[in-house]
Amino acid sequence: MERLLPERDYGVDAGRFVFAFLVVTLHMPMLGGWYLLPVARCAVPFFYLVSGYYMFKPDSRGFGRSILRNWRKWLKLYVAYTAIFLLVSCVLKAAVPGNSYDWTRTDTLSMLLEGVCPFIDEVHHGADTYGIMTLWFLYAGTLAMLVLYAMRNSVGRLSSLLLVALVYVAAVSVNVVWGERVVPRLFTAAIPSLFLGAFIRCHYEAVQGVFLRHKQLFVSAGFLVAYGEFVINRGGYNEIYYSTVPFTCILFVAMLAYNPPALSVVSRVPVKCTLDIYVWHRLAYCLVCLAGVSLGPWASLVVFLLVFVVSFFIRKYVEPCKK
């Protein structure tokens, strides 16, 4: 049964900004950031879960239209942002010594597989290499939406849930065995998380009932297993492990269940600010470093606030003037 939503899910809105900050900690220094990794890995799956949840409609025709509408929006964003980053990358390569304009076969394959490539992403400055482009989640999301569209008539079935779970476990297993990302994050993050977001919305009352009866067990077990994998794998970077998507689901349902009026202040902040943080934080960090400013162990916090302030001003005051 579809949930009757309030005007805003304040717990989820607050979670958007928490995970927007955590995704920044994956790419730049943060005091104690190493210990945030198990939760920070949930940032992009959370983005997909929220998208799938609000995309779902109880009838397959409406659900299909919702998917296609979001697919067009995400595709336009990806193309527009890629063009901007390509231009910015070329300008930085011209301005900063030690960079070249060699587009290789690896760049082409990377763009096709993950929607990002070293040519656009990497800017060299002395002995340091900075990444500026984080758009793979939009690219993988557009592809995952096509899969979700094909499954729109069966998204609420347990057999579909089992199929997605098997694909997820198989994909993560290949990456764990190889010790690197062999299977694209389309299969370890985008498809399972988008599907689960829609599945949770489809069965919200049942999911909420089970969670509320055993919430302490779910949350405790989620943290224990996530950090257990973190220790076993000796940390690692920001890859997806077995516990990542299930742990994200637990956190997401907890945020849906926790919706106090005190968090209504979040509704004053444009939701698109979180997307801006996901997209622009690495470029902002690169520009700050190229300017010779050292942010030390607080780089993540400073960059998060910097991008947020700029985004808030544009989304809150500049965009409404254009309408």
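As the structure is a computational prediction, the values presented were derived from the model and not from experiment.
Y78 places a side-chain N or O within 3.5 Å of a backbone atom of G115 that can act as its donor or acceptor partner. Of the possible polar contacts, none joining the T188 side chain to the V172 backbone as a donor-acceptor pair under 3.5 Å is found. No side-chain donor-acceptor contact under 3.5 Å links Y242 to the backbone of V225. For H214 (side chain) and V210 (main-chain N/O), no donor-acceptor pair under 3.5 Å exists by modelled atom type. Not one N or O on the side chain of S311 forms a donor-acceptor pair closer than 3.5 Å with the backbone of V307. Side-chain atoms of N99 come within 3.5 Å of backbone N or O of V96 as a donor-acceptor pair. Side-chain atoms of H203 come within 3.5 Å of backbone N or O of G156 as a donor-acceptor pair. Using a distance-only test at 3.5 Å, with no hydrogens or angles considered, no donor-acceptor pair links the side chain of Y149 to the main chain of W71. Between the side chain of T25 and the main chain of M30, no donor-acceptor pair closer than 3.5 Å is present. D121 places no side-chain N or O within 3.5 Å of a backbone atom of G131 that could act as its donor or acceptor partner.
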Apply side-chain contact (heavy atoms from CB on, under 4.5 Å) to residues M133 and T82 and explain how you reach the verdict. CA-CA 8 Å; M133 180 180 175; T82 299; 3.8 Å; yes

Run the side-chain contact (heavy atoms from CB on, under 4.5 Å) test on D13 and V269 for me, step by step, so that the C-alpha distance in whole Å, both residues' side-chain angles and the decisive distance to 0.1 Å come before the verdict. CA-CA 9 Å; D13 285 346; V269 182; over 6 Å; no

Carefully, step by step, assess E180 and N175 under the rule side-chain contact (heavy atoms from CB on, under 4.5 Å). CA-CA 5 Å; E180 59 181 298; N175 289 343; over 6 Å; no

Checking ring-ring contact (aromatic ring centres under 6.0 Å, His included) for the pair F308/F21: CA distance, chi angles, key distance, verdict? CA-CA 10 Å; F308 170 74; F21 168 70; over 10 Å; no

Check step by step if side-chain contact (heavy atoms from CB on, under 4.5 Å) holds for L92 and L287. CA-CA 9 Å; L92 291 176; L287 294 176; 4.1 Å; yes

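F230 has its side chain within reach of R41: a pair of non-hydrogen atoms, C-beta onward, lies under 4.5 Å apart. Two residues are said to be in side-chain contact when any heavy atoms from C-beta on lie closer than 4.5 Å; W103 and C117 meet this criterion. Inter-residue side-chain proximity for L161 and L158 is flagged as met; some heavy-atom pair is nearer than 4.5 Å. A heavy-atom distance below 4.5 Å is not found between the side chains of I132 and Y285. For the pair L77 and L275, the minimum side-chain heavy-atom distance is below 4.5 Å. Between Y317 and P320, every side-chain heavy-atom pair lies at or beyond the 4.5 Å cut-off. Between T244 and Y241 there is a side-chain heavy-atom pair separated by less than 4.5 Å. Within the 4.5 Å cutoff, no side-chain heavy atoms of F252 are placed close to those of C42.
Under a hydrophobic-cluster definition in which Ile, Leu, Val, Met, Phe, Trp and Tyr are linked whenever side-chain heavy atoms come within less than 4.5 Å, directly or via other members, V231 and Y227 are assigned to the same cluster. Hydrophobic clustering (ILVMFWY, side-chain heavy atoms < 4.5 Å, transitive): M151 and L162 are in distinct clusters. The same ILVMFWY cluster, assembled from side-chain heavy atoms under 4.5 Å apart, contains both L86 and L135. In the hydrophobic cluster analysis, where Ile, Leu, Val, Met, Phe, Trp and Tyr join through side-chain heavy atoms closer than 4.5 angstrom, Y35 is grouped together with F247. Both W136 and V182 belong to a common hydrophobic cluster when Ile, Leu, Val, Met, Phe, Trp and Tyr are linked at side-chain heavy-atom distances under 4.5 angstrom.
Considering CZ of F63 and CG of D59, their distance stands at 10.5 Å, rounded to 0.5 Å. In this structure, CD1 in I277 is found 10.5 Å from CG in L306, a value given to the nearest 0.5 Å. Atom CZ in R61 sits 11.0 Å away from atom CG in N153 (nearest 0.5 Å). Of the inter-residue distances, the one linking F199 atom CZ with S193 atom OG reads 14.5 Å to the nearest 0.5 angstrom. Interatomic distance, S300 OG to L36 CG, rounded to the nearest 0.5 Å: 9.0 Å. Distance check, rounded to the nearest 0.5 Å: CG of L251 to CZ of F218 gives 12.5 Å.
Taking the six-membered ring for Trp and the full ring otherwise, the centers of F137 and Y278 sit less than 6.0 Å from each other. Checked against a 6.0 Å centroid threshold, the rings of Y81 and W280 count as neighbours. Residues F195 and Y48 keep their aromatic ring centres 6.0 Å or farther apart.
Minimum interatomic distance between T274 and V271 (heavy atoms only, all atoms of both residues): OG1-O, 2.7 Å. Minimum interatomic distance between T134 and H281 (heavy atoms only, all atoms of both residues): OG1-CE1, 4.1 Å. The shortest non-hydrogen separation linking P45 to I240 is CG-CD1, 4.1 Å. Closest approach of G222 to I250, counting heavy atoms only: CA-CD1, 4.2 Å. Contact between G141 and W74 at its shortest, heavy atoms only, is CA-CZ3, 3.6 Å. Listed here is the closest heavy atom pair of M55 and S66: O-OG, 2.7 Å.
In this structure, K93 satisfies the cation-pi test against F119, with its NZ or CZ atom closer than 6.0 Å to the six-membered ring centre and inside 45 degrees of the ring normal. Figure legend: cation-pi geometry between R201 and Y204 absent, as NZ or CZ is not positioned both under 6.0 Å from the six-membered ring centre and within 45° of its axis.
Among residues at least two apart or in separate chains, salt bridge (Lys or Arg N to Asp or Glu O under 4.0 Å) pairs with a member in residues 300-315 are D276-R315, R315-E319.
Counting only N and O atoms by type, the side chains of T129 and E122 include no donor and acceptor under 3.5 Å apart. Counting only N and O atoms by type, the side chains of D107 and S110 include no donor and acceptor under 3.5 Å apart.
With a 6.0 Å radius and a threshold of 12 heavy atoms from other residues, nucleotides or ligands, F85 has its CZ atom above the threshold. For OH of Y101, the number of neighbouring non-hydrogen atoms (other residues, nucleotides, ligands) closer than 6.0 Å is greater than 12. For K76, the NZ atom counts as loosely surrounded, since its 6.0 Å shell holds 12 or fewer non-hydrogen atoms of other residues, nucleotides or ligands.
For the pairing with V50, the side-chain contact (heavy atoms from CB on, under 4.5 Å) check across F46, Y53, F47 returns one residue only, F46.
Applying the ring pair (Phe, Tyr, Trp, His ring centres under 6.0 Å) rule to Y258 yields no partners; only residues at least two apart in sequence or on another chain are considered.
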